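This report concerns only the one structure given below.
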There are 2 protein chains.
Amino acid sequence: MAGRRTTGAPGVTRENLADAALRLLEREGPKGLSMRKVAAEVGVQAASLYWHVRNKEELLDLAADALWEGYAPLPEGRTVTAEAWRDCLAVASHRLRAHLLAHANAVRVLAGRFAPGPRSLGPMEEILALLRGVGFGPADTADAAYTLLTWVQGFVLHEAVPMSAAEEHGATPGEAAAEARERLAALPAERYPHLVELAGELSGPGMDSRFAFGLARLLDGLEALRAR
Amino acid sequence: MAGRRTTGAPGVTRENLADAALRLLEREGPKGLSMRKVAAEVGVQAASLYWHVRNKEELLDLAADALWEGYAPLPEGRTVTAEAWRDCLAVASHRLRAHLLAHANAVRVLAGRFAPGPRSLGPMEEILALLRGVGFGPADTADAAYTLLTWVQGFVLHEAVPMSAAEEHGATPGEAAAEARERLAALPAERYPHLVELAGELSGPGMDSRFAFGLARLLDGLEALRAR
DNA sequence: TCCGCTGTCTAACGTTGTTAGGGGAGAGGT
DNA sequence: ACCTCTCCCCTAACAACGTTAGACAGCGGA
């Protein structure tokens, strides 16, 4: 038969459907995700999916949760010292970004869909634990974790969408960045003086350092709060 | 005839198509946006759209740009004093959030699509000007503006998606928040101890104060950088 | 008058999400 | 042995979608 699953437990389960959707998303891009293709991926006809899943919306929720499969919690046991909390939060943020960036196509489709499943709450729990563990109060912990997570996701969304779009168009990241820079520099300078001036700074491929900058500012802000 | 445009200059232009798409998005939600309906909204058959627009993707880019029509630049003229830059950045951020939140349905569809048009760069230019005006260097300005914008968009995305989804489902924001809290509280406490403990703090409808918190931390971080 | 351009139309293509209804395989009871 | 029930998949079809091809009406200029 044509399309058969390749990994994991055999049956047609909700879990396998979510995995298949994710696999398809990553392989064929956002437009390549249809019920029929997901069905084919698990070796079944499209209508059969509706036995396991209410509709496509629910499948996407499942996929959004399955995205976090294998997102390991921080190296267990070692409690976070009061001095090292900054570094711990930093590596947690970097891991978060890396994980999302590794599924750029999925991020593009599933953005804003994180919450329905328990697995997608893993990162939140991890960060909450970190903050509470070093003395932040309940309210501050909740707000700080929320700030950090929304920022990382907003950042990665901006990073992943052009990446995934460029790939779909058959361009390298470097080309895409260069084109973005040119578009900025070509703007009317009297209306957008600073954008034109900073075109080079804004559209470089140096996303790593940009992420580090934002993270440092955010952690500085949290440190100031903690110092009170 | 059935559907006719109601405002603006008469012809079928790219601009009017973008407006119609935006209007439709807000009125009927994300699934209500089809080429046929946009065409009907401007009083024309679907195929005619392709004279003005390459495809739906391009229409959405246009709409993402048109979202920023009427986003007035800050009260002109008055230069920002070195003491007031914090407040200025804060009101700029609040205006940004309010503007996005006023088009929650559109945000849900157009997320990550901000960049193609010049109008959507207005907020960026505004913030760049502010930062440069108070002494930040070129690189810091670019990174800081990027951080701020990505955070606001990530925040609003998380805020707008459940809002728009709940409305589609016919629920009030309060009900949606209560349901979210219950879902968090019902999680396995041994796997997600902090999420369960902080369910109340995390899922309250107090989005305004949560936004203010994140903004304050970010501005604190920027202030620390500037003080060096 | 004829030409070419602009902007719309009708008709159709293939694909999508989704529903209705049928059927077979296996378990369990009698 | 038979019946029945539940589970799971099937085929067939629907309306709606994005998109293309090609024809036609109105227009300005040669």
Side-chain angles (χ1 to χ4, degrees), chain A residues 1-5 8-25 27-64 105 108-110 113 116 165 168-169, chain B residues 1-5 8-25 27-64 105 108-110 113 116 165 168-169:
Chain A
M1 201 163 264
R4 265 266 137 70
R5 71 201 98 63
V12 178
T13 62
R14 289 161 67 88
E15 185 63 26
N16 285 349
L17 289 185
D19 289 351
L22 233 35
R23 231 176 305 141
L24 214 51
L25 216 42
R27 192 197 314 148
E28 314 206 3
K31 329 223 64 163
L33 184 73
S34 72
M35 295 302 251
R36 286 170 162 88
K37 287 188 189 160
V38 171
E41 180 83 8
V42 297
V44 126
Q45 294 297 113
S48 304
L49 299 194
Y50 290 83
W51 178 260
H52 305 270
V53 148
R54 192 171 341 248
N55 47 24
K56 191 182 187 181
E57 201 78 355
E58 188 179 293
L59 212 195
L60 290 180
D61 283 345
L62 257 44
N105 277 326
R108 200 169 155 197
V109 171
L110 306 177
R113 210 175 273 269
E168 213 164 310
H169 210 290
Chain B
M1 201 163 266
R4 264 266 137 67
R5 73 201 95 65
V12 178
T13 61
R14 288 160 68 88
E15 186 62 26
N16 286 348
L17 289 186
D19 289 350
L22 234 34
R23 232 175 305 141
L24 215 51
L25 216 42
R27 192 197 314 148
E28 314 206 5
K31 331 220 63 160
L33 184 74
S34 72
M35 295 302 255
R36 285 170 161 88
K37 287 188 188 160
V38 171
E41 179 82 8
V42 297
V44 126
Q45 294 297 113
S48 303
L49 299 194
Y50 291 82
W51 178 260
H52 306 270
V53 148
R54 192 173 341 248
N55 48 23
K56 191 182 188 181
E57 201 78 356
E58 188 178 295
L59 213 195
L60 290 180
D61 283 345
L62 256 43
N105 277 327
R108 201 169 155 199
V109 171
L110 307 177
R113 211 175 271 271
E168 212 164 310
H169 210 290

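Keep in mind it's a predicted model, so treat the numbers as computed, not measured.
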Original post:
Quick check: does any side chain N or O of His52(B) sit under 3.5 Å from a backbone N or O of Val12(B), one acting as donor and the other as acceptor?
Top reply: yes

Original post:
Roughly, in whole Å, what's the span from CG in Leu24(A) to P in dT15(C)?
Top reply: 15 Å

Original post:
Which nucleotide, dC9(C), dT18(C), dT11(D), lies nearest any side-chain atom of Gln45(A)?
Top reply: dT11(D)

Subject >> Distance below 4.0 Å between Ser48(A) side-chain N/O and dC10(D) OP1 or OP2 >> reply: yes

**OP:** For Asp61(A), check side-chain hydrogen bond (donor to acceptor under 3.5 Å, both in side chains) against everything at least two apart and list the hits.
**Re:** Arg113(A)

Subject >> Side-chain heavy atoms of Leu22(A) within contact of Leu110(A), under 4.5 Å >> reply: yes

Original post:
Starting at CG of Leu49(A) and ending at P of dG17(C), how long is that distance when rounded to a whole Å?
Top reply: 10 Å

**OP:** Could you pull out all residues at least two apart from Ala18(B) that satisfy side chain to side chain contact (heavy atoms under 4.5 Å, CB included)?
**Re:** Leu62(B), Ala66(B)

Subject >> Lys56(B) side chain near Val38(B) side chain, heavy-atom distance below 4.5 Å >> reply: no

Original post:
Closer than 4.0 Å, any side-chain N/O of Ser34(A) to the OP1 or OP2 of dT16(C)?
Top reply: yes

Report, one pair per line, the protein and nucleotides 11-14 of chain C atoms (nitrogen or oxygen only) whose separation is under 3.5 Å.
none

**OP:** Take atom CG of Leu59(B) and atom P of dG18(D), then tell me their distance rounded to the nearest Å.
**Re:** 10 Å

**OP:** Identify, with sequence neighbours excluded, every residue that meets side-chain hydrogen bond (donor to acceptor under 3.5 Å, both in side chains) alongside Glu15(B).
**Re:** Arg119(B)

Subject >> Any residue of residues 50-58 of chain B with a heavy atom less than 4.0 Å from an atom of DNA chain D >> reply: Tyr50(B), Asn55(B), Lys56(B)

Original post:
Is a donor on one side and an acceptor on the other found under 3.5 Å between the side chain of Asn16(B) and the backbone of Gly11(B)?
Top reply: yes

Original post:
Could you give the NZ-to-C1' distance, from Lys37(A) to dT16(C), as a whole number of Å?
Top reply: 10 Å

Original post:
Is there side-chain contact between Asn55(B) and Glu58(B), with heavy atoms separated by less than 4.5 Å?
Top reply: yes

Subject >> Qualifying residues under side chain to side chain contact (heavy atoms under 4.5 Å, CB included), relative to Glu28(A), sequence neighbours excluded >> reply: Leu24(A), Lys37(A)

Original post:
Separation of Leu33(B) atom CG from dC17(D) atom P, in whole Å?
Top reply: 10 Å

